Protein chains: 2
Amino acid sequence: MFFLKELPTRQMIRGYAEQYPSADVDSVEQALKMMRQASLLVRRLETYFSHHGISQQRFLILIVLDREPERTSLLASEIAERVDVSRPVMTRTLRSLVDEHLITLSADTSDKRAKQVSLTEKGKTFLAEILPGYFSEIDKFMKESAP
Amino acid sequence: MFFLKELPTRQMIRGYAEQYPSADVDSVEQALKMMRQASLLVRRLETYFSHHGISQQRFLILIVLDREPERTSLLASEIAERVDVSRPVMTRTLRSLVDEHLITLSADTSDKRAKQVSLTEKGKTFLAEILPGYFSEIDKFMKESAP
DNA sequence: TAAATATGATTATCATGGTAATCATATTTG
DNA sequence: CAAATATGATTACCATGATAATCATATTTA
């Protein structure tokens, strides 16, 4: 992440922009601000999650499973693709969710390599409990940092 | 980080917003987009840095040292404060920068606990080499993701 | 000033991100 | 159809974030 408090000055960006005339000082400055803001929000949300014994990554997996109305399960690789995280990370994170009984894994009937992942009832309930607070944390953050 | 590809739908956010009327659907949606965008940019920059044998964190330390015109060194704790990262992370990262001869550490004369951190000539040169590419990566990213 | 508290840095430990390599099974292709 | 290739999942290993505890030294306070 990117927590730098004092961003590079416009002056400094301009100095480098001179060497690379295509670089737009405003858009670089905007990008740096965006990374800082997003990092602060992620940190805030991680704190929220930690108070509920979960993490952003585990939360996103639950969300992705819950959001699939026409399917009762997804492959681990499908979740990794949607959450956009590497498969080894997925393997590890799914294990921790199984340990907490928030999801279950089952063998795929047509592909012996694959694993189907489903939300448990506990997982659904838990998600429903923490989601309002999640949105409310985001909302609070945005109101605080508004100009 | 936050890489979720398909963000929660407005519909879904609205559902939770109903329970928490203070939550503004637009600002929540904007926040989710911001986290995703920033995460993608951070990932892009980490790739850039890895091609140069450095990391975002190590880079930011060099930047902070370089940006202090009236001082030749900063305390480790001052850098941690500016980069907004925990001190144990700072200790570890400074060690790797020393190993690569990009900074030097020296004892503080007035406080025996403290360590002064300075950029080496190699550190200054290296920073000057990678900075233009850094800004240009950001600029490219912003142009790509512009509407 | 002696005791209590605070601070700079570090160590130990844990969580979570990544890539490379591997295993098992599917799929494609010669 | 056998060999080559691709894919789902995992293991091993490394980087980087955090907190708690510790050590040494400063500073405050009783």
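Residue numbers begin at 1 in each chain, while the letters A, B, ... track the order of the sequences. Note that the structure is predicted; figures quoted are calculated from it, not measured.
Side-chain contact between B:Q57 and B:V85: present, with at least one pair of heavy atoms (C-beta onward) separated by less than 4.5 Å.
Each of B:E78 and A:I54 has a nearest nucleotide on DNA chain C; the 5'-most of these lies closest to B:E78.
One interatomic measurement links the two molecules: CG of A:L60 to C1' of C:dT16, which rounds to 13 Å at whole-angstrom precision. Residue B:L40 contributes atom CG, which lies 15 Å from atom C1' of C:dG18 at whole-angstrom precision. When the C1' atom of D:dA26 is taken as reference, atom CG of B:L75 falls 13 Å away, rounded to whole Å. Rounded to whole Å, the distance from CE on B:M35 to P on C:dG17 is 14 Å. Taking atom CD of A:E81 as the reference point, atom C1' of D:dA9 lies 16 Å away to the nearest angstrom. Rounded to whole Å, atom C1' of C:dA15 lies 18 Å from atom CZ of A:F59. Taking atom CD on B:E46 and atom P on C:dT16, their separation rounds to 18 Å, with Å as the unit. If you take CG of A:D84 and P of C:dT16, they are 18 Å apart, rounded to a whole angstrom.
Legend: residues meeting side-chain hydrogen bond (donor to acceptor under 3.5 Å, both in side chains) with A:E129, ordered by chain and number and at least two apart, are absent.
Taking side-chain N and O atoms only, B:Q57 has a distance below 4.0 Å to OP1 or OP2 of D:dG17. Between D:dA9 and A:S77, a contact under 4.0 Å exists linking OP1 or OP2 to a side-chain N or O. One finds no side-chain N or O of B:S55 lying less than 4.0 angstrom from the OP1 or OP2 phosphate oxygen of D:dA15. Taking only side-chain nitrogens and oxygens, B:R95 never comes nearer than 4.0 Å to OP1 or OP2 of C:dT10.
Counting non-hydrogen atoms under 4.0 angstrom, A:S96 reaches nothing in the nucleic acid.
In this structure, the side chain of B:E78 engages the main chain of B:L75 through a donor-acceptor pair within 3.5 Å.
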TODO: Just do the salt bridge (charged side-chain N to carboxylate O under 4.0 Å, His left out) check on A:E100 and A:R95 with the steps written out, would you?
DONE: CA-CA 9 Å; A:E100 294 163 68; A:R95 186 155 43 226; over 6 Å; no

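The existence of a salt bridge linking A:R43 and A:E46 is excluded, since no basic side-chain nitrogen approaches an acidic carboxylate oxygen closer than 4.0 Å. Looking at B:E121 and B:K124, a side-chain N of the basic residue comes within less than 4.0 Å of a carboxylate O on the acidic one, giving a salt bridge. By the 4.0 Å N-to-carboxylate-O rule, B:K143 lies close enough to B:D139 to be salt-bridged with it.
Within residues 98-117 of chain A, the residues that have a heavy atom under 4.0 Å from DNA chain C are, in order of number, A:S110, A:D111, A:K112, A:R113. Using a 4.0 Å cutoff on non-hydrogen atoms, the parts of residues 85-93 of chain A near DNA chain C are A:V85, A:S86, A:P88, A:V89, A:R92, ordered by number.
Using modelled atom types and a 3.5 Å distance limit, the side chains of A:Q37 and A:S145 yield a donor-acceptor pair.
Rounded to the nearest 0.5 angstrom, A:I138 CD1 and A:Y48 OH are separated by 10.0 Å.
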